[in-house]
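Step one of this worksheet: look at the structure below.
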Amino acid sequence: MALRLPSQFSTPRHRRRGSGAAAAPAAASAGLSWRRSLAADALVSSGCSSSPLASSPSPSPGKSHARPLVTCTAQAPAAANLAPGTPVRPTSILVVGSTGTLGRQVVRRALDEGYDVRCLVRPRPAPADFLRDWGATVVNADLSRPETIPATLVGIHTVIDCATGRPEEPIKKVDWEGKVALIQCAKAMGIQKYVFYSIHNCDKHPEVPLMEIKYCTEKFLKDSGLNHIVIRLCGFMQGLIGQYAVPILEEKSVWGTDAPTRIAYMDTQDIARLTFIALRKENANGKLLTFAGPRAWTTQEVITLCERLAGQDANVTTVPVSVLRLTRQITRFFEWTNDVADRLAFSEVLSSDTVFSVPMNETYDILGVDSKDIVTLEKYLQDYFTNILKKLKDLKAQSKQTDIFF
């Protein structure tokens, strides 16, 4: 049975029922499209498109190949007239990417604030039981399989999109094709609000596939007509634990670059808190917001701070930016290493003379937030090292008590 779609998607009180692949996005009239011509090397693995593109012959294995000029284009389905359907509670939300560093904090915050949380999780051998333990509902779906998406949106008011592809996956598969399918489904099923997390300065780096795709997705979401909020992020404090704090404590090598890049890291708990404040603010609808921490840090400054808090020196291995560039050029030469080149392109930007930060005064004013309530990197790392060093001290004391021989 074919799904009929309401003509008024913006009516906040009404939805209708839908199921299965019937609501899956379909090729339709060119009512909504966004096209951007990209440089030949902007996207590595293939054209950034949800609809078929004219394909060029595949190169033979082991040979270099020229990248075709690609077009970032997608279309949303047309709507048919239908009477209003089932009302949906404004507290019902779907979190996509709920097992990630940011996604799990979004889930925790939503549950704490009384939302009915549904988490879209890929089928996996090890289920995300911790989400159920917290009180969320878990549904299995996969953005790379659009037919699995519609059922997860039934009864949902707001979608919060924290998802990104896994490192071993082609960037285009989830971050572009999957997101286009999700947005099209959300539009077709009358989702009332869509929150999309992007990357700061993504519009300034079309040479980086992930950043270009994020920018394409921003534009496609805007053109979809969905009520939305786009939030660009600079960096997560949580990522610094595994990258710097743990290796220093374990006396292992800490990897860094010789570039003066500055990043205004932010605690993902603060990101989640500000997100839900934005959801409740009517003046945030349709806005492009950038969340940045109180201060931008270089890699060396972060390492120095970790050394001071850990009370020991780091074994730093510096990778010159020139090596990253050379490695990227080599991996671009072969078809089967294109995805590696994609990731290295992002690393190259993060290792350049760039500042990933932005003044937050206007954002604080929109959200009604006091800057003093935002956690600083010093406070975040200090709390981490204090707790860890205390646990290590307690474990050492316990081990001494059990060292008794007869």
Side-chain touch [X]/[Y], heavy atoms, less than 4.5 angstrom:
X	Y	value
Val96	Ile160	no
Val195	Val159	no
Tyr265	Trp297	yes
Leu221	Leu226	yes
Leu233	Ile271	yes
His228	Lys222	yes
Val95	Arg118	no
Arg166	Arg122	yes

Non-hydrogen atoms of [X] and [Y] that approach each other most closely:
X	Y	value
Ile366	Asn283	O-ND2, 3.5 Å
Cys234	Ile263	O-CG2, 3.7 Å
Pro294	Thr376	CG-CG2, 4.0 Å
Ala141	Thr152	CB-CG2, 3.6 Å
Pro247	Ile241	CD-O, 4.0 Å
Val117	Ala110	CG2-CB, 3.5 Å

Give a yes or no answer on whether the side chain of [X] reaches the backbone of [Y] with a donor-acceptor pair at less than 3.5 Å.
X	Y	answer
Gln105	Ala272	no
Gln312	Ile248	yes
Thr298	Glu301	yes
Asp133	Gly135	no
Ser144	Val174	no
Asp267	Tyr380	no

Salt bridge check, [Y] against [X]: does any charged N sit closer than 4.0 Å to a carboxylate O?
X	Y	answer
Glu113	Arg280	yes
Glu212	Lys172	no
Asp203	Arg232	yes
Asp112	Arg109	no
Asp383	Lys379	yes

In Å and rounded to the nearest 0.5 Å, what is the [atom1] to [atom2] distance from [X] to [Y]?
X	Y	atom1	atom2	value
Tyr364	Ser371	OH	OG	5.5 Å
Ile199	Glu218	CD1	CD	9.5 Å
Ile183	Cys185	CD1	SG	10.5 Å
Ile191	Leu182	CD1	CG	9.0 Å
Ser198	Ile231	OG	CD1	10.5 Å
Arg145	Thr148	CZ	OG1	5.5 Å

List the steps, then state whether side chain to side chain contact (heavy atoms under 4.5 Å, CB included) holds for Thr363 with Thr290. CA-CA 8 Å; Thr363 301; Thr290 300; 5.8 Å; no
With distance as the sole criterion, is a donor-acceptor pair present between the side chains of [X] and [Y] under 3.5 Å?
X	Y	result
Thr101	Gln238	no
Thr386	Gln382	no
Thr164	Asp175	yes

Would Leu274 and Met266 count as a side chain to side chain contact (heavy atoms under 4.5 Å, CB included) if you check the C-alpha gap in whole Å, the side-chain angles of each, and the deciding distance to 0.1 Å? CA-CA 11 Å; Leu274 296 185; Met266 199 171 194; 3.5 Å; yes
Test log, rule side chain to side chain contact (heavy atoms under 4.5 Å, CB included), inputs Gln192 and Asn227: CA-CA 6 Å; Gln192 300 301 312; Asn227 185 16; over 6 Å; no
Non-neighbouring partners of Phe130 that pass ring-ring contact (aromatic ring centres under 6.0 Å, His included), sequence neighbours left out: Trp134
Please list, chain by chain and in numerical order, all residues satisfying ring-ring contact (aromatic ring centres under 6.0 Å, His included) with Tyr115, sequence neighbours excluded. Phe276
Give me the one residue out of Ile229, Val106, Asp161 that meets side-chain contact (heavy atoms from CB on, under 4.5 Å) with Tyr197. Val106
Ser224/Tyr194 under side chain to side chain donor-acceptor pair (under 3.5 Å): CA gap, chis, key distance, verdict: CA-CA 11 Å; Ser224 73; Tyr194 193 107; over 6 Å; no
Mark yes when over 12 heavy atoms from residues, nucleotides or ligands other than Arg89 sit less than 6.0 Å from its CZ; otherwise mark no.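 Not buried by this count: 12 neighbours or fewer within 6.0 Å.
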Hey, mind stepping through Leu305 and Leu381 against side chain to side chain contact (heavy atoms under 4.5 Å, CB included) and telling me if it holds? CA-CA 8 Å; Leu305 177 60; Leu381 288 176; 3.6 Å; yes
